[in-house]
Q: 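Quick one: the structure is below, questions incoming.
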Amino acid sequence: MRFLLLRRFWMSRQKVKCLVAIVNRGKGSLVADICRSYQIYFTCGTLALGTAGSELLYYLGIGETDKEMLFSFLPACLERDVMNEIAGRINIRKPGHGIMFTVPLSGISTLFQQKVMCESADKEAYMEQAERKYELVVAVVDHGFQDQVMDAARAADATGGTVFHARSLHDEDASSFLGIRLQGEKDVVMILSETGTYTRIMQAVNAACGLKTEAKGLIFSLPVDHFIGI
């Protein structure tokens, strides 16, 4: 069965998705191991706390407040298989064991996309999808490069961003897979941008802090359908 999955992995031209898993503390390494078994080496995790009321947390299936939040990037063809295996191994369908979902990427550098999809990577370009009013640009860089990301983003007309600290759960595998040295500690910078400027921001951040730079950044964007606060 795994041979068939790998064949689908190599042959598929589907797009990359972002898998988000919020699980109880201590389960993050198991999620990372499952991803590794599917040759998915781009997983970052951070500690998280639930902030909603206890009844709402229970309704969402994240009853305990001490959590690990993981982000991973995988070909769309593996989405169901990976999620089903994670759900089966950590009982995520039971109340209090966590939640998990995927979101499409509205933009990603071709180099990053080709590495996830195991394709050749000879040039940098950008994928774009449906038009929206706003996009969320995300840069995952080696720890200590958050200021360089924001400097590049502001030069491309970004107004501000949000930063949090994370750690790579596959630093050795990802380093071997990419052929470049990566460190385990990561800074994640999130920038909400209008659709008219997000590609320019991605290009500026990628030029300053992308995979080919000292920051070793993974740059992508997520679709934003609804928001409050701007």
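Computed over heavy atoms, backbone and side chain alike; hydrogens, waters and symmetry mates excluded. Starting from 1, each residue takes its place in the sequence as its number.
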Q: Heavy atoms, side chains only, cut-off 4.5 Å: are Cys18 and Ser72 in contact?
A: no

Q: One thing to verify: whether Arg167 and Glu185 come together as a salt bridge, which I'm taking to mean a side-chain N less than 4.0 angstrom from a carboxylate O.
A: no

Q: Given side chains that start at C-beta, do those of Val82 and Leu74 come closer than 4.5 Å, heavy atoms only?
A: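 Yes, their side chains come closer than 4.5 Å.
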
Q: Could you tell me which residues satisfy side-chain hydrogen bond (donor to acceptor under 3.5 Å, both in side chains) with Thr46, sequence neighbours excluded, listed by chain and number?
A: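 Here no residue qualifies.
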
Q: Determine whether Leu70 and Val23 make a side-chain contact, defined as any pair of heavy atoms from C-beta on separated by less than 4.5 Å.
A: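 Counting from C-beta outward, Leu70 and Val23 do come under 4.5 Å.
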
Q: Check Lys186 against Cys44 and note the closest heavy-atom contact, atom names and distance.
A: CG-SG, 4.1 Å

Q: So, do Asp157 and Arg200 sit near enough that their side-chain heavy atoms are less than 4.5 Å apart?
A: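 A side-chain contact exists here, since the closest heavy-atom pair is under 4.5 Å.
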
Q: Test of understanding: with side-chain hydrogen bond (donor to acceptor under 3.5 Å, both in side chains), list the residues that count as partners of Asp151, not counting sequence neighbours.
A: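 Per chain and number, Asp151 pairs via side-chain hydrogen bond (donor to acceptor under 3.5 Å, both in side chains) with no residue.
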
Q: With ring centroids as reference points, do Phe42 and Phe71 lie under 6.0 angstrom apart?
A: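 So the answer is no for these two rings.
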
Q: If you round to the nearest 0.5 Å, how far is CG of Leu105 from OG of Ser221?
A: 7.0 Å

Q: Listed by chain and number, what are the salt bridge (charged side-chain N to carboxylate O under 4.0 Å, His left out) partners of Asp187, not counting sequence neighbours?
A: none

Q: Does a donor on one side chain sit under 3.5 Å from an acceptor on the other, for Ser106 and Glu135?
A: yes

Q: I'd like to know if the side chain of Ser168 and the backbone of Gly184 have a donor-acceptor N/O pair within less than 3.5 Å.
A: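 No, the answer is negative, given that no donor and acceptor are paired below the 3.5 Å cut-off.
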
Q: Would you call the rings of His165 and His143 parallel, tilted or perpendicular, where under 30° means parallel and over 60° means perpendicular?
A: perpendicular

Q: What are the two closest heavy atoms between Pro75 and Met117, and how far apart are they?
A: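 Residues Pro75 and Met117, closest heavy atoms: CB-SD, 3.5 Å.
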
Q: Does Ala155 have any side-chain contact (heavy atoms from CB on, under 4.5 Å) partners at least two apart in sequence or in another chain, and if so, which?
A: none

Q: Among Ile90, Ile40, Ile86, which residue meets the side-chain contact (heavy atoms from CB on, under 4.5 Å) test with Ile34?
A: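 Output: one option passes, namely Ile86.
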
Q: Is the closest side-chain heavy-atom distance between Met100 and Val20 below 4.5 Å?
A: no

Q: Output the distance between atom CG (Leu218) and atom CZ (Phe112), rounded to the nearest 0.5 Å.
A: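 Going from CG on Leu218 over to CZ on Phe112, the span is 4.5 Å.
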
Q: Can you confirm whether or not the ring centre of Tyr198 sits under 6.0 Å from the ring centre of Tyr134?
A: no

Q: When you compare the side chain of Leu47 with that of Lys67, does any pair of heavy atoms fall below 4.5 Å?
A: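 Result no, sub-4.5 Å side-chain heavy-atom pair not found.
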
Q: List in chain and number order the residues that pass side-chain hydrogen bond (donor to acceptor under 3.5 Å, both in side chains) with Asp33, two or more places apart in sequence or in another chain; answer none if no residue qualifies.
A: Arg36

Q: Write down the atom of Glu68, the atom of Asn24, and the distance for their closest heavy-atom approach.
A: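 Scanning both residues completely, I find the closest heavy atoms to be OE2-O, 4.1 Å.
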
Q: Do any N or O atoms from the side chain of Asn206 and from the backbone of Met202 form a donor-acceptor pair under 3.5 angstrom?
A: no

Q: Decide side chain to side chain contact (heavy atoms under 4.5 Å, CB included) for Ile219 and Val138; before the verdict, give the C-alpha distance in whole Å, the side-chain angles of both, and the deciding distance to 0.1 Å.
A: CA-CA 6 Å; Ile219 320 299; Val138 183; over 6 Å; no

Q: What distance do Arg154 atom CZ and Thr159 atom OG1 have between them, rounded to the nearest 0.5 Å?
A: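 So the CZ of Arg154 and the OG1 of Thr159 are separated by 9.0 Å.
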
Q: Under the rule for side-chain contact (heavy atoms from CB on, under 4.5 Å), what residues qualify as partners of Ala215, not counting sequence neighbours?
A: Val141, Phe145, Cys209, Thr213

